[in-house]
Amino acid sequence: MILVLDFGGQYAQLIARRVRECRVFSELIPYDTPIEEIRARNPEGIILSGGPNSVYDEGAPRVDPALFDLDIPILGICYGMQLMALDLGGEVGAVQIREYGRSTLEVKDHSGLFAGTAEKQRVWMSHGDAVFSPPDDFVVTAETPSAPIVAFEEPHKKRYGVQFHLEVRHTEYGMEILKNFLFDVCDCRADWTPVNIITDAVEKIRAQVGDARVIAGLSGGVDSATAAMLVHRAVGDNLTCVFVDHGLLRKNEAEQVIEAFRERSDIPLIHVDATGRFLDKLAGVTDPEAKRKIVGEEFIRVFEEEAQKIEDAKFLVQGTLYSDVIESGTRDAARIKSHHNVGGLPEVMDLDLVEPLRNLFKDEVRVVAAELGMPERMVWRQPFPGPGLAIRIIGDVTAERLEILRQADAVLQDEIRNAGFYRELWQSFAVLPTIHSVGVMGDARTYAYPVVIRAVTSDDAMTADWARLPYDLLEHISNRIINEVPGVNRVALDITSKPPGTIEWE
Ligand code: XMP
């Protein structure tokens with residue numbers, strides 16, 4: 001097992017996830033986790049993540065220097081390398097020209113981390129400070145044109161540092177370098193598989209809930225279904241699933257979800273029609289964070305009411321993913337938006353949460369889902385946010401606008417599936433900005449809504465690119481939406497990646 005100490009970098013969890021991709025279990029923990037706790041976890045190695053600070057900033061996160069006395073291999077990445085340098089007697093300073101993005105690294109010593117990689121390689125950097133002189137006994141193993149000490153090591157004590165981000169795909173040999181650390185330096189075994197994830201999750205769930213009854217919120221997506229199946233393995237008949245129709249779903253979605261679930265499972269399912277109640281609360285609300293919080297709270301209130309009808313129901317299962325957690329903001333990372341199931345939760349809740357997927361990314365969940373025997377259609381279902389169409393109507397949510405968006409979205413889904421693009425897109429959906437523009441149809445003036453098409457590719461929702469859909473397909477979608485959806489006279493295409501945009505508009 002490898003522990004990753006989190007110094008607040010946006011890519012910190014990506015490091016843990018890359019380690020798991022190498023089939024070694026890894027977990028992200030706060031940088032100030034006490035040394036005794038770290039030792040007790042018995043990791044084969046420790047990785048120090050990057051972070052937004054300079055080591056010299058006031059209040060910059062530091063580690064207990066005793067960490068470096070542990071007889072455990074340590075790899076520092078970016079900020080983590082600079083911390084290691086500073087704490088072990090090296091020197092760190094501000095570089096004259098900050099470096100963001102691609103750089104070419106030259107390897108000076110192929111014996112350790114760089115074994116089996118090329119002399120010159122593309123790496124991805126993002127830093128304002130750098131190591132100016134290494135601690136005693138450290139050798140410099142790589143340089144870039146602007147940073148003479150871009151990697152160093154002390155192989156006897158097994159201390160390693162790299163200034164570049166080996167965890168991002170743009171770093172050419174990132175995975176090889178990571179594997180050298182995991183398998184050559186730390187002597188890890190590649191035996192962490194989806195089956196382990198399942199066994200481990202089931203054990204943890206049993207330990208958490210004991211004999212209590214549990215309810216699981218089901219959305220129709222792969223995350224909540226996977227979470228519910230794991231809990232079912234753990235507690236069997238003590239689980240009841242609850243599907244809440246909040247009136248913000250896509251066309252025919254509620255019926256389809258219920259039918260598909262009942263076809264494949266005999267876990268009891270309660271269907272709550274809460275349409276009016278959510279729409280009442282959302283009336284006149286335009287602020288995206290307010291919408292998210294209303295939906296987050298209302299979901300919990302409905303679950304609490306359902307739980308009261310079941311004797312001894314104390315826990316609520318949610319399919320929360322790591323990307324929901326990081327975007328909602330953590331102590332060390334900035335809030336981008338409050339995902340309904342994390343930042344949108346009310347402060348006081350009757351039910352304790354069970355979230356077996358909280359440390360995983362979506363593609364890891366899909367592997368688990370497939371291992372659990374879920375049908376392909378479910379495993380590869382595109383994500384749909386908990387607040388649903390409420391965050392795709394840019395402005396206040398009304399029944400009329402929901403109907404327009406639902407119809408436009410149904411056309412888009414239909415065309416994307418028929419053209420064979422559904423699975424290769426991370427998401428494809430329609431957005432309704434609540435503005436009007438002028439058009440002309442049948443020789444008459446129109447003054448109606450535009451619909452925006454959003455289609456993106458992504459691995460894990462942390463970054464995304466807008467999909468280059470064929471013009472013919474776009475033309476067809478545009479014609480159909482305008483002809484078939486009353487109230488729409490214009491179709492636009494969103495060509496923004498993430499960053500700088502986010503996938504959803506709100
Ligand atoms: P953004 O818009 O932040 O979205 O780039 C990243 C992914 O998360 C989904 N999303 C949510 N999922 N509750 C959810 O269950 C939410 O509140 C929420 N907000 C965004 C979004 O659809 C995308 O897949």
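All heavy atoms count here, side chains included; hydrogens, waters and symmetry mates do not. Counting from 1, the numbers follow the sequence of the chain as shown. Both counts, for ligands and for their atoms, begin at 1 and track the order of listing. Computed from a predicted structure; not experimentally measured.
To the nearest 0.5 Å, the span separating CG on L473 from CD1 on I453 amounts to 8.0 Å. The structure places CZ of F7 at 6.0 Å from OG of S49, a figure rounded to the nearest 0.5 Å. In this structure, CG in L279 is found 12.5 Å from CZ in R277, a value given to the nearest 0.5 Å.
Note that R417 lies outside the cation-pi zone of W380, set by a 6.0 Å cut-off to the ring centre and a 45° limit from the axis. For the pair R468 and W466, the cation-pi criterion (under 6.0 Å, within 45° of the ring axis) is fulfilled. For the pair R392 and F429, the cation-pi test (distance below 6.0 Å, angle within 45°) is passed.
Below 4.0 Å from some heavy atom of K498 lie the following atoms of ligand 1, by number and element: 1 (P), 3 (O), 5 (O), 6 (C). Applying the 4.0 Å criterion to heavy atoms of R292 picks out, from ligand 1, the atoms 16 (C), 17 (O), 18 (C), 19 (N), 20 (C).
Closest protein heavy atom to atom 23 (C) of ligand 1: Q427 OE1, 3.3 Å. Looking from atom 8 (O) of ligand 1 to the surrounding protein, the closest heavy atom is H339 CE1, 3.3 Å. The protein heavy atom nearest to atom 12 (N) of ligand 1 is P385 CA, 3.5 Å. Regarding atom 21 (C) of ligand 1, its nearest protein heavy-atom neighbour is E504 OE2, 3.5 Å. If you check which protein heavy atom lies closest to atom 13 (N) of ligand 1, you get H340 ND1, 2.7 Å. The closest protein non-hydrogen atom to atom 7 (C) of ligand 1 is A461 CB, 3.8 Å. With hydrogens left out, the protein atom closest to atom 3 (O) of ligand 1 is E327 OE1, 2.4 Å, a heavy atom. Among protein heavy atoms, the minimum distance from atom 14 (C) of ligand 1 is reached at G386 N, 3.3 Å.
The side chain of P383, and not its backbone, has at least one atom closer than 4.0 Å to an atom of ligand 1 (non-hydrogen atoms only; side chain from C-beta on).
Taking only nitrogen or oxygen atoms, main chain and side chain alike, E506 does not reach within less than 3.5 Å of ligand 1. No N or O atom of I391 sits closer than 3.5 Å to an N or O atom of ligand 1. Between R392 and ligand 1, no pair of N/O atoms sits closer than 3.5 Å.
No donor-acceptor pair under 3.5 Å is formed between the side chain of Q407 and the backbone N or O of V485.
The shell of residues lying under 4.0 angstrom from ligand 1, judged by heavy atoms, includes P387. Proximity of W426 to ligand 1 is established by a heavy-atom distance of less than 4.0 Å.
Put simply, the residue from D409, D465, D494 that forms a salt bridge (charged side-chain N to carboxylate O under 4.0 Å, His left out) with R454 is D494.
Counting heavy-atom neighbours within 6.0 Å of D312 CG, excluding the residue itself, gives a total above 12.
A salt bridge is defined here as a Lys NZ or Arg NE, NH1 or NH2 lying under 4.0 Å from an Asp or Glu carboxylate O, and K498 with E327 meets this definition.
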